[in-house]
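Presented below is the structure to which this report refers.
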Amino acid sequence: DVQLQASGGGSVQRGGSLRLSCATSGFPFDDYAIGWFRQYPGKEREGISCISTSTGRIYYGDSVKGRFTISSDNEKNTVYLQMNSLKPEDTAVYFCTDYRGEWGQGTQVTVSS
């Protein structure tokens, strides 16, 4: 029973920070890739970052490069997304995925000016 759950969203001012968590269960966490996506109202999901839990290889989308940091805690089966220098354009619902068809409940991030 594979499960992923995103949490940690909230409302912040421009330039603020948030840390999102993706808690997982039901699969070999140390041999997976976990990704973060975000979705604006009425739009398709946008991939913003991913990490391989076995190799540590990391990808960032251009829109978040230099501001967001993805990391993995294999002991806790959790992937984090540290979001710094937040902008209003980062306002969206954020999801995590195992790239195998499972999506957790999204967490809302709102950034005001």
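Because the structure is a prediction, the values reported are computed rather than measured.
Here the options are N74, T24, I70, the test is side chain to side chain contact (heavy atoms under 4.5 Å, CB included), and the partner is V79; only I70 passes. Results of the side chain to side chain contact (heavy atoms under 4.5 Å, CB included) test with I34 over L4, T97, L81 single out L4 as the only residue that passes.
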Would C22 and F95 count as a side-chain contact (heavy atoms from CB on, under 4.5 Å) here? Give the steps. CA-CA 8 Å; C22 178; F95 301 86; over 6 Å; no

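Through side-chain heavy atoms spaced under 4.5 Å, either directly or across other Ile, Leu, Val, Met, Phe, Trp or Tyr residues, Y80 is tied to no other residue. Summarising the hydrophobic clusters (Ile, Leu, Val, Met, Phe, Trp, Tyr; side-chain heavy atoms under 4.5 Å, direct or chained), the residues clustered with Y59 are none.
Between L20 and W36 the shortest side-chain heavy-atom distance falls below 4.5 Å. Looking at heavy atoms from C-beta onward, S72 lies in side-chain contact with F29 at the 4.5 angstrom threshold. Counting heavy atoms from C-beta on, the side chains of S17 and Q82 come closer than 4.5 Å.
Applying the side chain to side chain contact (heavy atoms under 4.5 Å, CB included) test to S11 and every residue at least two apart in sequence or in another chain returns T110. Listed by chain and residue number, nothing satisfies the ring-ring contact (aromatic ring centres under 6.0 Å, His included) test with Y40 (two or more places apart in sequence, or in another chain). Take S112 and apply the side chain to side chain contact (heavy atoms under 4.5 Å, CB included) test, not counting sequence neighbours, and it matches Q13. Residues passing the ring-ring contact (aromatic ring centres under 6.0 Å, His included) test with F37 are W103, sequence neighbours excluded. Partners of S52 under the side chain to side chain contact (heavy atoms under 4.5 Å, CB included) rule, at least two apart in sequence or in another chain, are S54, T55. Annotation: ring-ring contact (aromatic ring centres under 6.0 Å, His included) contacts of Y32 (sequence neighbours excluded): F27.
Under a 3.5 Å cut-off, the side chain of T78 and the backbone N or O of K76 do form a donor-acceptor pair. Panel note: side chain Q5, backbone Q105; a donor-acceptor pair is recorded below 3.5 Å.
In the hydrophobic cluster analysis, where Ile, Leu, Val, Met, Phe, Trp and Tyr join through side-chain heavy atoms closer than 4.5 angstrom, V93 is grouped apart from I48. Taken together through direct or relayed side-chain contacts under 4.5 Å among Ile, Leu, Val, Met, Phe, Trp and Tyr, I51 and Y94 form part of one hydrophobic cluster.
Pairs passing the salt bridge (charged side-chain N to carboxylate O under 4.0 Å, His left out) check and including a residue from residues 93-112, sequence neighbours excluded, do not occur. The salt bridge (charged side-chain N to carboxylate O under 4.0 Å, His left out) pairs that include a residue from residues 10-33 number zero, where partners must be two or more places apart or lie in different chains. Contacts classified as salt bridge (charged side-chain N to carboxylate O under 4.0 Å, His left out) and involving residues 41-53 (residues at least two apart or in different chains) are given here: R38-E46. Screening residues 49-73 for salt bridge (charged side-chain N to carboxylate O under 4.0 Å, His left out) gives D62-K65, R67-D90 as the qualifying pairs, with residues at least two apart or on separate chains.
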